[in-house]
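Take a look at the structure below.
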Amino acid sequence: MTTETIAPPLASPGLRHRDTVAHALARALARHGVTHVFGQSLPSMLHLAAEEIGIVQVAYRTENAGGYMADGFARVSNRPGIVTAQNGPAATLLVPPLAEALKASIPLIALVQDVSRDQTDRNAFQEFDHLGLFASCTKWVRRVTHASRLEDYLDQAFAVACSGRPGPVALLLPADLLTEPAVPSGRTASLGRFPLDRASATAEAVQAAADAIRAAERPVVIAGGGIHLSGAAAELAALQEEAHLPVGTTVMGKGAVSEAHPLSLGVVGSSMGPGAMSRHQREIVTGADLVILVGNRTNQNGTDSWTLYPPAARYIHIDVDPLEIGRSYEATRLLGDARETLGALRAALANRDMSVRRAARPVLEARIRAAKERALREMTPARTSDASPMRPERVMDMLSAFVTEHSIVVADASYSSIWITNNLTAHRAGQRFLTPRGLAGLGWGFPMAMGAKVARPEAEVFCVVGDGGFGHVWSELETARRMEIKVVLLVLNNGILGFQKHAENVKFGAHTSAVHFHPVDHAAIARAAGCAGMRVARPEELRKALRDAAAEPTTVLIEVMTDPEAFPPITSFMPG
């Protein structure tokens, strides 16, 4: 068949458009350090131009999963995740990842194609009010209408996403604008990193906080995800050691300090019931006379429905967002970047007599150690159980043998997040455990792990999901295979929506019919998509599967048949 006989849609004679607005946009993205864009071809002109200059398109199957990938990429790389989408239904699927990023302070930039400018408000194909759509789930949304303003708006998008409290933005790009000739802008700045600007709290506030720490008898630090956003783990670890401070973390803050440190409490909040590693640390928090909050939203789960933090204590709150300071607990306000402010606080404490804190340290360390040992004894039956189907605690215990200080562990929302944060150890300050806790929706885990792997390809990335959450994103197994993204994925298959069923039983005394699934062979789905798939039901099978996974070149799905009666140590599930 000759070229002349091929129908025009089947011919690829070469890109017709040169030096367009789309080309200018691609060059500007490269100026900001962008190497990867999570997209599915649209806006086509942008992706064609971007691929010409070497920007890699990580081609997702669904827009919501693409947004989750961009989220994971941003969390690990400290560069904003770039996600693209078509107008209309594709754009609406970006709402969940953008909403999660807004609540969790993750910088994403959504580049969304819009209808041509002369078709606005004429019911063009898939036309929608995208400004209204994104207004509630982004920090900032704009529509570019003039070629001469393109780079002005793009630079603003990066600045808004990466400065202050990071978060998502959306830029709407009319299809006809992208094919117009480019207009030189002369802009040269590179803004593709966060925190973009770092400011410390005022000297007066820092000095007041240092005085309070020196005078406190029972201080405690509770670090949130802002530590990781700021890259402040090293400063917090130094403060913990120099000021002899016990440190607990929220779920998103896990890894802010090494949990092997003698003054580390582990993850505190709504999962400190029987079977929690931090269960017997509760009185250190409730009995504190000074609580130092760092990058902490004081949300419901992190505070155990606002019952964990002592009402009579004094509070110091370090945060980049002035609205978070004092939201639930009136505090000495240290408004500023966590890394810079912790550094200033360390410098202030260096000039103060910390001998009382130093003298109290051995007794405090012994108390923390005894609480850990007691919790570990209580957890031992589940962590060492040889039952089949397996206990999730046993799965985590076996996984822990493969997780090093350089590994990244990702989990879906619901039970999966609690299994990893409660049963795996942060071996060093700054180790990453990624969990979607902004809105805590299902389906984030696997795509987020893929984004983390793209950001740090040399790292081992483990991902733990339940069969309920994984059902949202099966299709991305094909993406992982096609894009050659390797994740070791553990699907805990208990055949139910566990959190939903158990919470309904606790709240209402009965559960709905929707919580039980028809049996699914997830390992077979993985193999059908070109990935490795294994199904295990016993500890010795899981150990072999984890060893074999290391040698596989592509994503490995290990389906673990788990006990549907098992549930994490959620305090609201406990009597009384």
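Residue numbers count from 1 along this sequence.
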[X] bridged to [Y] by N-O distance under 4.0 Å:
X: Arg61; Y: Glu478; result: yes
X: Asp155; Y: Arg31; result: yes
X: Glu52; Y: Arg18; result: yes
X: Asp19; Y: Arg27; result: yes
X: Glu324; Y: Arg165; result: yes
X: Glu484; Y: Lys453; result: no

Is the distance between the ring centroids of Phe73 and Phe38 under 6.0 Å?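 Yes, the ring of Phe38 comes within the 6.0 Å limit of the ring of Phe73, centre to centre.
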Working to the nearest 0.5 Å, report the span between [atom1] of [X] and [atom2] of [Y].
X: Ile227; Y: Glu235; atom1: CD1; atom2: CD; result: 9.5 Å
X: Ser230; Y: Asp337; atom1: OG; atom2: CG; result: 3.5 Å
X: His472; Y: Thr62; atom1: NE2; atom2: OG1; result: 11.0 Å

Mind running side-chain contact (heavy atoms from CB on, under 4.5 Å) on Phe433 and Val410 for me, showing each step along the way? CA-CA 6 Å; Phe433 295 81; Val410 187; over 6 Å; no
Verify side-chain contact (heavy atoms from CB on, under 4.5 Å) between Leu557 and Leu477, making sure each step is shown before the conclusion. CA-CA 9 Å; Leu557 185 153; Leu477 285 165; 4.3 Å; yes
Criterion side-chain contact (heavy atoms from CB on, under 4.5 Å) on Val141 and Val169, from CA distance to verdict: CA-CA 6 Å; Val141 54; Val169 303; over 6 Å; no
